[in-house]
Amino acid sequence: MEHQAVVGAVKSLQALGEVIEAELRSTKRWELTAEGEEIAREGSHEARVFRSIPPEGLAQSELMRLPSGKVGFSKAMSNKWIRVDKSAADGPRVFRVVDSMEDEVQRRLQLVQGGQAEKLGEKERSELRKRKLLAEVTLKTYWVSKGSAFSTSISKQETELSPEMISSGSWRDRPFKPYNFLAHGVLPDSGHLHPLLKVRSQFRQIFLEMGFTEMPTDNFIESSFWNFDALFQPQQHPARDQHDTFFLRDPAEALQLPMDYVQRVKRTHSQGGYGSQGYKYTWKLDEARKNLLRTHTTSASARALYRLAQKKPFTPVKYFSIDRVFRNETLDATHLAEFHQIEGVVADHGLTLGHLMGILREFFTKLGITQLRFKPAYNPYTEPSMEVFSYHQGLKKWVEVGNSGVFRPEMLLPMGLPENVSVIAWGLSLERPTMIKYGINNIRDLVGHKVNLQMVYDSPLCRLDAEPRPPPTQEAA
Amino acid sequence: MPTVSVKRDLLFQALGRTYTDEEFDELCFEFGLELDEITSEKEIISKEQGNVKAAGASDVVLYKIDVPANRYDLLCLEGLVRGLQVFKERIKAPVYKRVMPDGKIQKLIITEETAKIRPFAVAAVLRNIKFTKDRYDSFIELQEKLHQNICRKRALVAIGTHDLDTLSGPFTYTAKRPSDIKFKPLNKTKEYTACELMNIYKTDNHLKHYLHIIENKPLYPVIYDSNGVVLSMPPIINGDHSRITVNTRNIFIECTGTDFTKAKIVLDIIVTMFSEYCENQFTVEAAEVVFPNGKSYTFPELAYRKEMVRADLINKKVGIRETPENLAKLLTRMYLKSEVIGDGNQIEIEIPPTRADIIHACDIVEDAAIAYGYNNIQMTLPKTYTIANQFPLNKLTELLRYDMAAAGFTEVLTFALCSQEDIADKLGLDISATKAVHISNPKTAEFQVARTTLLPGLLKTIAANRKMPLPLKLFEISDIVIKDSNTDVGAKNYRHLCAVYYNKNPGFEIIHGLLDRIMQLLDVPPGEDKGGYVIKASEGPAFFPGRCAEIFARGQSVGKLGVLHPDVITKFELTMPCSSLEINIGPFL
């Protein structure tokens, strides 16, 4: 009986469940190839060449025409059974060197043929295999015994429940093929939200939970006035350099500025006032008119606070925004020319540094960050200023997670806000916590057109306060 | 943030004790500094130029310390040590004194030619100074740090320091035609005219960055002594004649610039830092500067200013309850000598010439908070009660995003800046027709304009994901920018929704169906009447002829949909048919 037919039968019995038990046992044995069989029968090519050479020799050209000529000639030569006389009159001639020889190859192959392959050494076998005379074949065999559901009558298993089976009730008598629960299911066809914007949604949610109102930030183009001057950032400040900020060629200048307020800002910069010494330099309107791509959303916060200051009487506010900002920076794995800034602002009477820290603690707790400490820092428009650090379990060190401070009176008072109103604020980037959250090292893998859509398809829900999955093998940035 | 590099052992020696790296890091953190890196000259060279070059370099341990950008008094070892020692109450802040010389005062006369190029100059003398190699290096390094930071790369202020014993006053600060200025500059062996020098320095890696400050001016600033020796040609280079060395005993310092306030601050910082090594410690010899109007002033100013702050103001701003005496003590630790006066609640604070960063009471409040320790402040929640509101446009965007994903489309996030080609040429448009805002200083073509449409970003996303199984169904809801002279800045954002379908067939019906779904979500019924929406055959260079329609909703055109033109597909390096939809969602608020 054909071996494969038996194997097939065993397999289909196995598929029926526990009818039989079949234990796979494979054995290996050596077999001759077709060429090997021929040699076992008629001798090796080199032996056949040797035998065909008469005592008076044979022309090499004639020898080469023999069926075993080419292979046999070189083997017989290397065995030193024959020699070539190149000086013979009518071309090179081949002569026997020895009178007789032993055809080792044929003998070994005959051994294998006789089922005595084990008598050959490993080296001899592999040599014959290299000459493609011998092959190792694996033979699958099964050790078959009765299974727990052994029966001499078999019925085919059903794969799925059908409406007919339900209506006829035939499902009661039918065996069903078991499911393979180790296989994956079929993913649903669906759309996906972008992971960074999922994080953005969570940050919006956190601010809303904390009672913060969203500021309008839908103006990427800003005047230097709102981006810098209104924030008491002097006109020679390095951030206002061409190297750091994208300025506009068209429209190059802001068309309108609130001139009353501009005058107060000018005076505060150049001469001081509101209890300040000022910066004591010549403030230029042209510089303030220069349009740019906003370098922070604090420009939008300044506009919102200015609008607030125009409303009398003053009412306390909590504001937030999350939107794009732009920097003409050198690009690297963590810096792009545009990123998202998250900003929170509270304006009220008598706010303290302790309040700022308290609100930061609540905010970061909602992000799942509880170990915080604060470092003195310098920002041009906040005083006091503090950088927020959190202990990173993965990196085993304190990492900066945000920047914060109390807006300077030189920024707030020219707007017209009451003197005893303090404004505390903090900011962070959206990308950095997201990269840490998802274990992404290169910002280009997260933002922009070069992202791998598979990453978007596969990204999990964003639950900022939940324990993150242990980061992938690569180290976080 | 400037980084100051100091030798660790020298620092510890000056601080009078040693610290572990962790302890010193902690001290820095508390004081508002950051121990950025622990390294050595050898390590730096080996990192930048390889191990071979580093062989033989010093392996003395260096601390690289980040200093806040407004603390010019911490930009050198001397200042750092003084600041930390006062903070730790190990020394009292020294008092800096300006004295008149025994003999004639050094005079610097400014001529009116400087007015158009670099009108201000200040000067001072450090007498009987004693340098060592380390002190000398620190002196040079401080000038470099000041040049890079407060001096704004020498544009606002440039510093020149000279061996006074090689010169003879009075000095003249004037401006001359470059061809008329000739001298032997530092580190050169012969004389050159200013024109020649400007050429030579074009290839000097250090100096080439400063040439632009005077390059195109008809006159260059220059300082002479009474014998016509050139002290310096600010802001480019000093003369070789008066160069200082480790052995120099008397130093003439001049600062020229376009910002008088900053020139005075820079001079104050240099003399306060290095008068420590003068025979009469912390004493600086005055110099007289005569302005073109004939008025004369004495420098350095070394002004001490008194500020009055109420103790309860500090307590209220920080959120602590300290006695006025304690607050005065805290401020004194921050180099601001303070005492309680008057009714016992007033604190009088003396602002020394080293603390030019203190310009308002809020700066004093911060220093009190730092000395108290930020992390010792009790955290409290403000009582501010407010009702939150979302920005309506963002609220609508959030709602739509979720339902776009529910409709089987995947959200992408693309850049707001792009090339002109992306928004014009590739879409078959002329750039002038886009009404795009243009950036004046892009470093690469990727940042030439703000996008006027979301479509290029989506198509580029597909191009980068050609290996993904088809169909690709993508969307983005984000802002585009259009020039608009009705706004204060001359440009306006619009919130767009864009979606694309990319497959072996154009799938117009799918994009059309998506539009129907979006309108359903926005509660806009189909139909021509005022509240409804219709699409009407239209044309556009980005679309295949006859396969484009304009979308009208609530009585106005809100966008287009259609099958993209094969030229557009090809220009974005795509190969399959594609249909798209882009609308402005503002009108649906």
Side-chain angles (χ1 to χ4, degrees), chain A residues 189-194 196-197 208 211-214 216 218-223 236 242 246-251 254-256 275-277 280-281 291 316-318 324 337-338 346 348 350-355 357-358 361 373-376 378 383-384 386 408-409 447-450 453 456, chain B residues 29 32 68-70 152 156 259 261 316-319 359-363 366 369-370 374-375 377-382 384 386 388-391 393-394 405 407-417 437-441 447 450 457 460-461 464-465 468 479 481 483 488-491 493:
Chain A
D189 280 332
S190 62
H192 307 265
L193 294 173
H194 191 280
L196 186 73
L197 299 178
L208 293 170
F212 282 65
T213 284
E214 193 170 28
D218 55 337
N219 59 317
F220 294 165
I221 309 303
E222 192 53 278
S223 60
Q236 313 86 349
Q242 297 273 329
F246 288 116
F247 288 93
L248 291 197
R249 190 182 68 196
D250 182 24
L255 307 166
Q256 304 146 31
S276 175
Q277 301 285 312
K280 301 191 178 117
Y281 71 99
N291 272 336
V317 296
K318 298 205 291 252
R324 290 178 201 243
E338 53 188 277
V346 185
D348 200 352
L351 292 176
T352 69
L353 213 49
H355 285 136
M357 291 162 69
R361 183 183 57 190
R373 65 175 188 163
F374 302 90
K375 173 180 164 288
Y378 169 68
E383 189 84 12
M386 40 172 72
R408 293 191 71 99
V447 190
H449 57 267
K450 288 190 179 143
L453 283 174
V456 179
Chain B
F29 193 94
N70 62 341
R152 299 290 301 113
L156 302 183
D259 186 318
T261 311
K316 252 167 55 190
K317 293 280 177 192
V318 181
I359 57 175
H360 191 279
C362 68
D363 299 303
E366 178 180 75
I370 293 173
Y374 277 5
N375 296 294
I377 299 170
Q378 181 75 40
M379 297 190 205
T380 47
L381 272 184
T384 313
T386 51
N389 285 305
Q390 303 185 50
F391 181 52
L393 188 59
N394 291 354
F409 281 71
T410 290
E411 185 174 40
V412 298
L413 173 59
T414 66
F415 297 125
L417 305 184
V437 302
H438 290 259
I439 293 165
S440 67
N441 55 334
F447 313 119
K460 287 197 282 186
T461 306
N465 282 280
M468 295 300 289
D479 284 1
V481 185
K483 274 204 293 181
D488 62 346
V489 293
N493 282 26

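In what follows, chains carry the letters A, B, and so on, assigned in the order in which the sequence lines appear, proteins first and then strands, with residues in each chain numbered from 1.
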[X], part contacting chain B, at a heavy-atom distance under 4.5 Å:
X	answer
D250(A)	both
S223(A)	both
L196(A)	side chain
F212(A)	backbone
V456(A)	side chain

Select one option (side chain, backbone, both, neither) describing which atoms of [X] are under 4.5 Å from chain A's heavy atoms.
X	value
Q390(B)	both
V481(B)	side chain
A369(B)	side chain
K316(B)	backbone

Within 6.0 angstrom of Q256(A) CD, more than 12 heavy atoms from elsewhere = yes
Please report the shortest heavy-atom distance between [X] and [Y], naming the atom on each side.
X	Y	value
L193(A)	A405(B)	CD2-CB, 3.8 Å
N493(B)	F220(A)	OD1-N, 3.2 Å
K280(A)	D259(B)	O-OD1, 4.2 Å
K375(A)	F29(B)	CB-CZ, 3.4 Å
C362(B)	R408(A)	SG-NH2, 3.6 Å
Y374(B)	M357(A)	O-CE, 3.0 Å

Distance (rounded to the nearest 0.5 Å) between [X] [atom1] and [Y] [atom2]:
X	Y	atom1	atom2	answer
E366(B)	M386(A)	CD	CE	8.5 Å
H449(A)	K460(B)	NE2	NZ	4.5 Å
N465(B)	K450(A)	CG	NZ	12.0 Å
Y378(A)	D363(B)	OH	CG	9.0 Å
K318(A)	T386(B)	NZ	OG1	3.5 Å
T213(A)	F391(B)	OG1	CZ	12.5 Å

Residues that F447(B) engages under ring pair (Phe, Tyr, Trp, His ring centres under 6.0 Å), provided they are two or more places apart | F246(A)
Salt bridge present between R324(A) and D479(B) (N-O < 4.0 angstrom) | no
Check: P251(A) and V437(B) side chains under 4.5 Å, non-hydrogen atoms = yes
Sort out for me which of G490(B), A416(B), A69(B), A464(B) touches chain A most, counting heavy-atom pairs under 4.5 Å.
-> A416(B)
